[in-house]
Amino acid sequence: MTAGAVRPSVRPLGLRFFRRPAEVVAADLLGALVISRRRGGITAGRIVETEAYLGVTDPASHAYRHRRHAGNGALYGPPGTWYVYRSYGVHWCANLVCAGGPLGSAVLLRALEPLEGVPVMQRRRGRRAQAVLCNGPGKLTEALGIDQGLNGLPMHSAPVMVARGTAVSPARREATPRIGITKAADWPLRFVEADSPWLSRRR
DNA sequence: GCGCCGATTGGCT
DNA sequence: GCCAATCGGCGCC
C-alpha cells in the first residue's frame, strides 16, 4: 500500500463491527486502517497485530470480575469506544471496546504497518527507523499522537478512527499466546498477519 | 498509609 | 540480558 491511501472518503467502521466477541473483532481488524488527524499532521497505518481481552471472565483484562476504577470507565462504554490507558506510567496503550456494556471486552492495538505521515511519526518518535515506529502498543500510540485525550471517545467521531483497509485472508491470520502479561497469557488471543515485517518484537 | 507491580520501551552491560 | 522510568491501583499492615 502506498501514500495516498487515506482519502477524505474513508469512512469509519460501523458500530456493528465492534458489537461482536473481542476475539472475532481482533482477528477481523487485521488489515484495517488506523487514521489519526491529531496535531502535527495526518498519520495512518495498517493493523498487523492485535490482542483480545475478554472482559469480566479474563484474568488479564482490566475489567476482570467487573473491576471498576477511575481510569477504566471507558471499557464499559458502547462498542467502538476508545479505551486508552497508561502503561508502566510511561506509555499509552489504545484499545477499542467490543461488545460494550457490562462485559468490558476490548481489543488492544499492538502493531501497525506505517502507511502515511512517516516523517510526522519520526518527529514524534525521535527520528527512529521506519521499522520500529509502530511495532509495539506503546510505540504506535506515540507515532499516531494518541494519548489520554482519546480515552472514552467514540471511534467513529474521534480524531483517530479505524476504517476498512486491505483484508487479510483467514489463511494468513495467525493466533498466538498473548505477550507481556502474567495472567492467562497462554490464551491464544493475539492475532497477527503471518510473516508481516511490522510485528512487535518477540521477547 | 506504604510498597509492589504491570497489556512497555530503550539504553546499557 | 538487565534495568530504570514513572504512576495509579490494589493488597496488606
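Remember, it's a predicted structure, so these values are computed and weren't measured experimentally. Throughout, protein chains are lettered first and strands after them, A, B, ... in sequence-line order, and every chain is numbered starting at 1.
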Open item on the list: Under 4.0 Å, counting only non-hydrogen atoms across every strand here, what does A:Arg68 touch: a base, just sugar-phosphate, or nothing?
Closed with: nothing
Task: Atom-pair distance (NZ on A:Lys183; C1' on C:dG11), nearest Å - done: 12 Å
Open item on the list: Any carboxylate oxygen within less than 4.0 angstrom of a Lys/Arg side-chain nitrogen, looking at A:Glu193 and A:Arg172?
Closed with: yes
TODO: Round to a whole Å and report the spacing from CD of A:Gln148 to P of C:dT6.
DONE: 17 Å
Open item on the list: Within the 4.0 Å heavy-atom criterion, would you say A:Arg178 contacts the bases, only the backbone, or no part of the nucleic acid?
Closed with: nothing
Task: Separation of atom CD1 in A:Ile146 from atom P in B:dT9, rounded to whole Å - done: 13 Å
Open item on the list: Please pick, from C:dC10, B:dG10, B:dA7, the nucleotide with the shortest atom-to-atom distance to any side-chain atom of A:Lys139.
Closed with: B:dG10
TODO: Find the distance between CD (A:Glu49) and SG (A:Cys134) and round it off to the nearest 0.5 Å.
DONE: 12.0 Å
- [ ] Examine the base of B:dA7 for any acceptor or donor lying under 3.5 Å from a partner atom in the side chain of A:Tyr85, and report the outcome as yes or no.
- [x] yes
Task: Any donor-acceptor N/O pair, A:Arg67 side chain to A:Ser61 backbone, under 3.5 Å - done: no
TODO: Determine the contact category for A:His69: base if any of its heavy atoms lies under 4.0 Å from a base atom, sugar-phosphate if only primed atoms, P, OP1 or OP2 are that close, otherwise nothing.
DONE: sugar-phosphate
Open item on the list: According to a cutoff of under 5.5 Å between the ring centres and under 30° between the ring planes, does A:Tyr53 stack with the base of B:dA7?
Closed with: yes
Open item on the list: Nearest to the side chain of A:Arg86, heavy atoms from C-beta on, is which of C:dC7, B:dT9, C:dC10?
Closed with: C:dC7
Open item on the list: For a quick check of understanding: with a heavy-atom distance under 4.0 Å over all strands, which category does A:Ala70 fall into, base, sugar-phosphate or nothing?
Closed with: sugar-phosphate
- [ ] Round to a whole Å and report the spacing from CG of A:Leu108 to C1' of B:dT8.
- [x] 11 Å
Task: A:Asn72 CG to B:dA7 C1', straight-line distance once rounded to whole Å - done: 13 Å
TODO: By nearest nucleotide on DNA chain B, pick out whichever of A:Leu75 and A:Glu142 is the more 5' one.
DONE: A:Leu75
Open item on the list: So, taking the atom named OG1 in A:Thr141 and the one named CG in A:Leu150, what distance separates them when rounded to the nearest 0.5 Å?
Closed with: 10.5 Å
Task: Residue met sooner reading DNA chain B from 5', once A:Val90 and A:Arg128 are mapped to nucleotides - done: A:Val90
TODO: Measure the distance from OH on A:Tyr88 to C1' on B:dC5 and round it to the nearest whole Å.
DONE: 8 Å
Open item on the list: Measure CZ/A:Arg124 against C1'/B:dT9 and give the value in whole Å, please.
Closed with: 18 Å
Task: Separation of the C1' atoms in B:dA7 and C:dG1, to the nearest angstrom - done: 22 Å
- [ ] Check every atom of B:dT8, B:dT9, B:dA7 against the side chain of A:Ser87 and return the nucleotide holding the closest atom.
- [x] B:dT8
TODO: For A:Arg125, report the nucleic acid contact type (base, sugar-phosphate, nothing); a contact means any heavy atom under 4.0 Å.
DONE: sugar-phosphate
Open item on the list: Going by purine N1 to pyrimidine N3 plus the second Watson-Crick contact, or the G-U wobble pair, all under 3.5 Å, which nucleotide sits opposite B:dC2?
Closed with: C:dG11
Task: Nearest-0.5 Å distance, CG of residue A:Leu13 to CE of residue A:Met155 - done: 5.5 Å
- [ ] Kindly compute the distance separating CD1 (A:Ile181) from CZ (A:Arg190), expressed to the nearest 0.5 Å.
- [x] 11.5 Å
- [ ] Whole angstrom is fine here: how far is it from CG in A:Asn95 over to C1' in B:dA7?
- [x] 8 Å
TODO: Determine the Euclidean distance between corresponding P atoms of C:dC3 and B:dC4; express it in Å to zero decimal places.
DONE: 16 Å
